[in-house]
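Values reported hereafter were calculated over all heavy atoms of this structure, with side chains retained and with hydrogens, waters and symmetry mates removed. So you know, we letter chains A, B, ... as the sequences are listed, proteins then strands, and number each from 1.
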Amino acid sequence: MHDIRFIREDPAAFDAGLKKRNLVPLAAELLEIDKRRRAAISESEGAQAKRKALSRQIGMAKGKGEPAEALMAEVAALEENLKKGEALAAELDAELVRRLEVLPNLPFDEVPEGTDETGNVEIRRVGSQRNFSFTPKDHVALGEATGEMDFATAAKISGSRFVVLRKHLARMERAIAQLMLDLHTSEEGGYTEINPPLLVRDDAAYGVGQLPRFAEDMFHTDNGYWLIPTAELPLTNLVRESVLEEKDLPLRFTAFTPCFRSEAGAAGKDTRGMIRQHQFPKVELVSIATPEQSAAEHERMTGRAEEVLRNLGLPFRTIVLCGGDMGPAARKTFDIEVWLPGQNAYREISSCSNCGEFQARRMAARYRPKEGKGTRFVHTLNGSALAVGRTLIAILENYQNEDGSVTVPEALRPYMGGLAVIPGPAAHK
RNA sequence: GGACAGGUGGCCGAGUGGUUUAAGGCACACGCUUGGAAAGCGUGCGUGGUGUAACAGCCACCGCGGGUUCGAAUCCCGCCCUGUCCGCCA
């Protein structure tokens, strides 16, 4: 949600931000609505002030036992214009909100131009791709060969885009999440583990910008709850409608949760395997920071997500998204893409965004600065660290052996009872 | 799901139609006091909008949304949330 005062002060900067989002300029149009809105407010408030003064006089007159009929007639004469003025002011105010609440956040200056993912810019590449002495399989071939990744049974129970994991793979998914949470909640990680609700109300979904734009991407229960599409939603809303103290910032939260996405409009995209599911596990990071802290906090968060991949010995690259490829709430987004030899491609495994005060405005999340008066909106940041299902895929594909077995990365072994290798299909015969 | 009791500023809390123009306290800031601190005393201190060069001023906000009234924190209706008890339940 944008601040109309910012648009008033610097309409050119606002339109430049929209341009980077590949949107047409809107400042002039919005300011025209704002102008009419403010005029209506002034008029309406003037009438209200008059009524208030007269009503007070009526009260005083009655208190002294004097007649008040003349005063009451005077107020009655105001009534019609007063109602009309109030309605007009409310209507224009609502119109401005309707226009503003669907607009995406403005990208930072350093965000590259572009209309789609081809405009994204790689900023670093870490780890080396393994040289296979055989042709690497993808995760579907590997998982189905042992029966431990079972799409057919999942389809009988729940339909497409679900999976049943069994035995070693079920355990590995749990192990991956444990490793991630331990890294994030360590002294160096600095995050506080949270176990949040997975069903949320409209207000919470609105607060992070999921509503009103993305209603169809979420699952909705028949008694009015939304299933969270990401733990960003409840974690960010932990500070909604509150005033924090500057000394307590930044706040850092992490959670391991399932995420639910209806994936409306994604038909035909990534239909093979576990890449895109209706339900998937994810470890999420959220930071609540001051405006001065948020840029550095964004780098730090991205670094913590990368740290997981370093721990697991998975090659990856980090890119900065261009204006046309970012999510609406973000001012800047880093994506981390892991190398998948079975697909011969880098695939997204994390997305870390600095949302500035965009979500904070919608949630009324503020803090009291040490210096100066009043309150300011906090900055909110969120990032996956990491998508657990995709991490599982990456391990299978990168650590596979020729016989279909999979070596367990060193860092994961303590979480899997010391298991060093997940047996291949031969062991299941 | 049912019954009852509640929801007031960052926090606690008074307030059942008209000097409430939201008392009082805590916390916080500044000052006085002090060798230094605590205590004490004094002053300031809600949010949003509008307005202004900046102040001032003005409007709204007492869980949310409607309504009654010249006037609503206060009365009426609907909803949300919290607590307690009952029912059900992993």
Donor-acceptor side-chain pairing of [X] and [Y] below 3.5 angstrom:
X       : Y       : answer
S353(A) : K332(A) : no
N22(A)  : T115(A) : no
E297(A) : S287(A) : yes
H379(A) : E357(A) : no

Base paired to [N] (Watson-Crick or G-U; both N/O distances under 3.5 angstrom):
N      : value
C81(B) : G6(B)
C28(B) : G44(B)
C58(B) : G49(B)
U19(B) : none
A39(B) : none
A90(B) : none

**OP:** Measure the distance from CD on E86(A) to C1' on C58(B) and round it to the nearest whole Å.
**Re:** 14 Å
**OP:** Can you tell me which residue pairs pass the ring pair (Phe, Tyr, Trp, His ring centres under 6.0 Å) test with a partner in residues 4-45 of chain A, sequence neighbours excluded?
**Re:**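 For residues 4-45 of chain A, and leaving out neighbouring residues, the ring pair (Phe, Tyr, Trp, His ring centres under 6.0 Å) pairs sorted by first residue read H2(A)-F14(A).
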**OP:** Measure from the side-chain heavy atoms of K52(A) and tell me the nearest of G10(B), G49(B), C59(B).
**Re:**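 Taking heavy atoms from C-beta onward, the closest nucleotide is C59(B).
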Original post:
Heavy atoms under 4.0 Å, any strand shown: does I58(A) hit a base, just sugar-phosphate, or nothing?
Top reply: base
Original post:
Is the backbone of S351(A) close enough, under 3.5 Å, to the side chain of S384(A) for a donor and an acceptor to pair up by distance?
Top reply: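 Side chain of S384(A) to backbone of S351(A), a donor-acceptor pair under 3.5 Å: yes, one is there.
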Subject >> No-H, no-angle donor-acceptor pair, E45(A) side chain to G49(B) base, under 3.5 Å >> reply: yes
Original post:
For RNA chain B, what residues of residues 2-12 of chain A have any heavy atom nearer than 4.0 Å?
Top reply: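 Heavy-atom contacts with RNA chain B come from R5(A), R8(A).
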